[in-house]
Amino acid sequence: MKRLVLVLKENYETALLLGAMVFLLLALFKPEIQLKQEVHNYLLLADISQSMNAEDRQIADKPVTRLAYTQHLMKQVVKTSPCGTYVSVGVFAAENVALLFMPLEVCANFDIITDSIDHLEWRMAWSGNSRMTFGVKAAEATFDYLNIPAQMLFFTDGDEAPKANGINKLDISDVRIGKNVIFVGIGGSEPSPIKRFNANNKFVGYWGTDAAAESAGGGVNYNDASKDDPDPPVAYAEFDRYLSSQDVEHLKELAADIKGQYIEGVDQPAFYEFVQSQTPAAKFVTSYSVKWLFLTLAALLVIATYTPDLLAYRLHYRKAVR
């Protein structure tokens with residue numbers, strides 16, 4: 001043992017550099033440990049009903065539809081989320097919610113998540129009407145299917161067709177997921193016409209008051225090209241256009257009914273800070289990299305090789321001062 005200690009003293013630099021090399025080699029293998037930790041788990045839910053085709057938002061000073069603006073906000077939420085955050089995406093139309101994929105980790109699946117958001121469009125809707133209270137109930141069922149606590153960001157203008165009344169409105173005061181729901185209001189306060197497209201997604205005009213009422217009551221299936229292609233009915237004059245705006249009061253009322261939250265969806269840092277400030281909703285077993293630990297140890301060992309020289313210099317400096 002004494003001989004080993006003596007050898008190490010005589011060859012300390014070599015020993016330290018060999019140790020540093022070992023830690024660098026370990027770091028190359030991307031070492032990870034499994035830890036159960038609280039993480040943000042977001043369900044991004046997009047309203048894809050017809051009113052979301054109203055063009056009253058802007059991105060880079062260019063007018064865009066509410067749905068396009070929703071997609072932009074969703075992608076920014078993903079982009080501003082730290083690694084370890086999980087995201088799933090769903091759509092709402094009529095009375096139901098459809099989940100597109102289960103929670104995915106944002107860094108490992110960034111391209112998949114953003115590509116899915118890019119492909120959201122109104123033609124995914126199975127019906128042209130929308131009933132928000134039914135949608136909230138459907139979202140609750142989706143939460144049960146996820147079987148993982150999540151924070152739902154419900155991007156919608158809150159503009160129902162037909163308008164909510166005592167007959168078509170459900171009592172949602174018993175909804176259990178209220179604390180996990182944030183209604184993100186999309187759309188302007190000024191009434192705007194709603195663009196109408198045919199089944200080939202070609203703009204053909206604006207929804208008229210009669211056509212909108214007919215669609216809302218009958219639940220037109222927009223996936224059936226024979227019903228909406230090539231020339232669906234549109235408003236014949238500007239005064240005949242069906243106008244839509246973000247129904248802020250309705251969204252706030254819905255949030256109050258379920259003890260949830262409402263926030264206006266705006267492309268500003270404050271909005272993304274609000275989203276990221278939410279309490280982590282789930283616990284996942286995640287891989288935690290310890291590569292930084294091995295790199296730190298390697299750096300410390302390299303620095304340690306200079307310690308004797310530094311001590312000798314310090315001693316020499318003290319003698320020189322005296």
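Hydrophobic clustering (ILVMFWY, side-chain heavy atoms < 4.5 Å, transitive): Leu67 and Ile59 are in one cluster. At a threshold of 4.5 Å between side-chain heavy atoms, the hydrophobic network of Ile, Leu, Val, Met, Phe, Trp and Tyr places Phe239 and Val234 in two separate groups. Under a hydrophobic-cluster definition in which Ile, Leu, Val, Met, Phe, Trp and Tyr are linked whenever side-chain heavy atoms come within less than 4.5 Å, directly or via other members, Val181 and Ile172 are assigned to the same cluster. Both Ile117 and Ile112 are part of a single hydrophobic cluster, where members link through side-chain heavy atoms under 4.5 Å apart. Follow the hydrophobic side-chain contacts under 4.5 Å out from Tyr236 and you never reach Phe197; the two are in separate clusters.
The aromatic rings of Tyr42 and His40 sit parallel to each other, their planes meeting at less than 30°, with 60° as the upper class boundary.
With hydrogens and angles disregarded, no donor-acceptor distance shorter than 3.5 Å links the side chain of Asn53 to the backbone of Ile194. Side-chain atoms of Asn41 come within 3.5 Å of backbone N or O of Pro149 as a donor-acceptor pair. Checking side-chain atoms of Asp171 against main-chain N and O of Ser173 turns up a donor-acceptor pair under 3.5 Å. Between the side chain of Gln50 and the backbone N or O of Arg196, no donor-acceptor pair lies under 3.5 Å. Remark: the backbone N or O of Leu104 is not paired with any side-chain donor or acceptor of Asn109 at under 3.5 angstrom.
Look at Lys75 and Asp118 and you find a salt bridge, because one of the NZ, NE, NH1 or NH2 atoms lies within 4.0 Å of a carboxylate O, short of that distance.
A 4.5 Å side-chain heavy-atom check between Asn201 and Trp122 finds at least one atom pair inside the cut-off. Counting heavy atoms from C-beta outward, Asp144 and Arg176 have side chains that approach closer than 4.5 Å. Residues Leu73 and Ile186 meet the side-chain proximity criterion, which asks for heavy atoms closer than 4.5 Å. Counting heavy atoms from C-beta outward, Lys195 and Tyr206 have side chains that approach closer than 4.5 Å. Side-chain contact between Asp174 and Lys137: present, with at least one pair of heavy atoms (C-beta onward) separated by less than 4.5 Å. A 4.5 Å side-chain heavy-atom check between Thr70 and Asp47 finds every atom pair outside the cut-off. Asp56 has its side chain out of reach of Tyr69: every pair of non-hydrogen atoms, C-beta onward, lies at least 4.5 Å apart.
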For this session: List the steps and the verdict of side chain to side chain contact (heavy atoms under 4.5 Å, CB included) for Phe101 and Ile113.
Result: CA-CA 9 Å; Phe101 56 80; Ile113 297 172; 4.2 Å; yes

Exercise. Given the rule in the side chain to side chain contact (heavy atoms under 4.5 Å, CB included) test, do Tyr272 and Gln76 qualify, once you have shown the distances and angles that lead to the verdict?
Worked result: CA-CA 8 Å; Tyr272 305 112; Gln76 288 299 110; 3.2 Å; yes

For this session: Could you give me the CA-CA distance, side-chain angles and deciding distance for Leu120 and Met124, then say whether side chain to side chain contact (heavy atoms under 4.5 Å, CB included) is met?
Result: CA-CA 7 Å; Leu120 296 177; Met124 297 172 70; 4.1 Å; yes

For this session: For the pair Trp126 and Val91, evaluate side chain to side chain contact (heavy atoms under 4.5 Å, CB included) and give the outcome as yes or no after the intermediate values.
Result: CA-CA 11 Å; Trp126 44 91; Val91 293; 4.0 Å; yes

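Within a 6.0 Å radius of CE in Met21, no more than 12 heavy atoms belonging to other residues, nucleotides or ligands are found.
Distance check, rounded to the nearest 0.5 Å: CZ of Phe274 to CD1 of Ile263 gives 4.5 Å. If you take CG on Leu295 and CG on Leu300, they are separated by 11.0 Å, rounding to the nearest 0.5 Å. Annotation: the span from Leu243 atom CG to Ser192 atom OG amounts to 7.5 Å, rounded to 0.5 Å. Note that the CD1 atom of Ile48 and the CZ atom of Phe92 stand 9.5 Å from one another [nearest 0.5 Å]. Between the CG atom in Asp115 and the NE2 atom in His119 there is a gap of 5.0 Å [rounded to 0.5 Å]. Atoms CZ and CD, on Arg57 and Gln246 in that order, are 7.5 Å from each other to the nearest 0.5 Å.
Between Leu43 and Leu99, the shortest heavy-atom contact is CD1-CD1, 3.7 Å. Of all non-hydrogen atoms in Ser51 and Asp157, the two that sit nearest each other are OG-OD2, 2.7 Å. Closest heavy-atom contact between Pro103 and Leu146: CD-CD2, 3.7 Å. The two residues Glu160 and Thr133 come nearest to each other via the heavy atoms OE2-N, 3.8 Å. The nearest pair of heavy atoms linking Tyr86 to Glu105 is CD2-N, 3.6 Å. The nearest pair of heavy atoms linking Ser81 to Gln276 is OG-NE2, 3.0 Å.
Of the residues Phe154, Tyr262, Phe155, the one that meets the ring pair (Phe, Tyr, Trp, His ring centres under 6.0 Å) test with Phe183 is Phe154. Each of Lys252, Gln278, Gln151 was checked for a side-chain hydrogen bond (donor to acceptor under 3.5 Å, both in side chains) with Gln261, and the lone residue meeting it is Gln278. Under the side-chain hydrogen bond (donor to acceptor under 3.5 Å, both in side chains) rule, Asp159 has a single partner from Ser244, Ser245, Ser130, which is Ser244.
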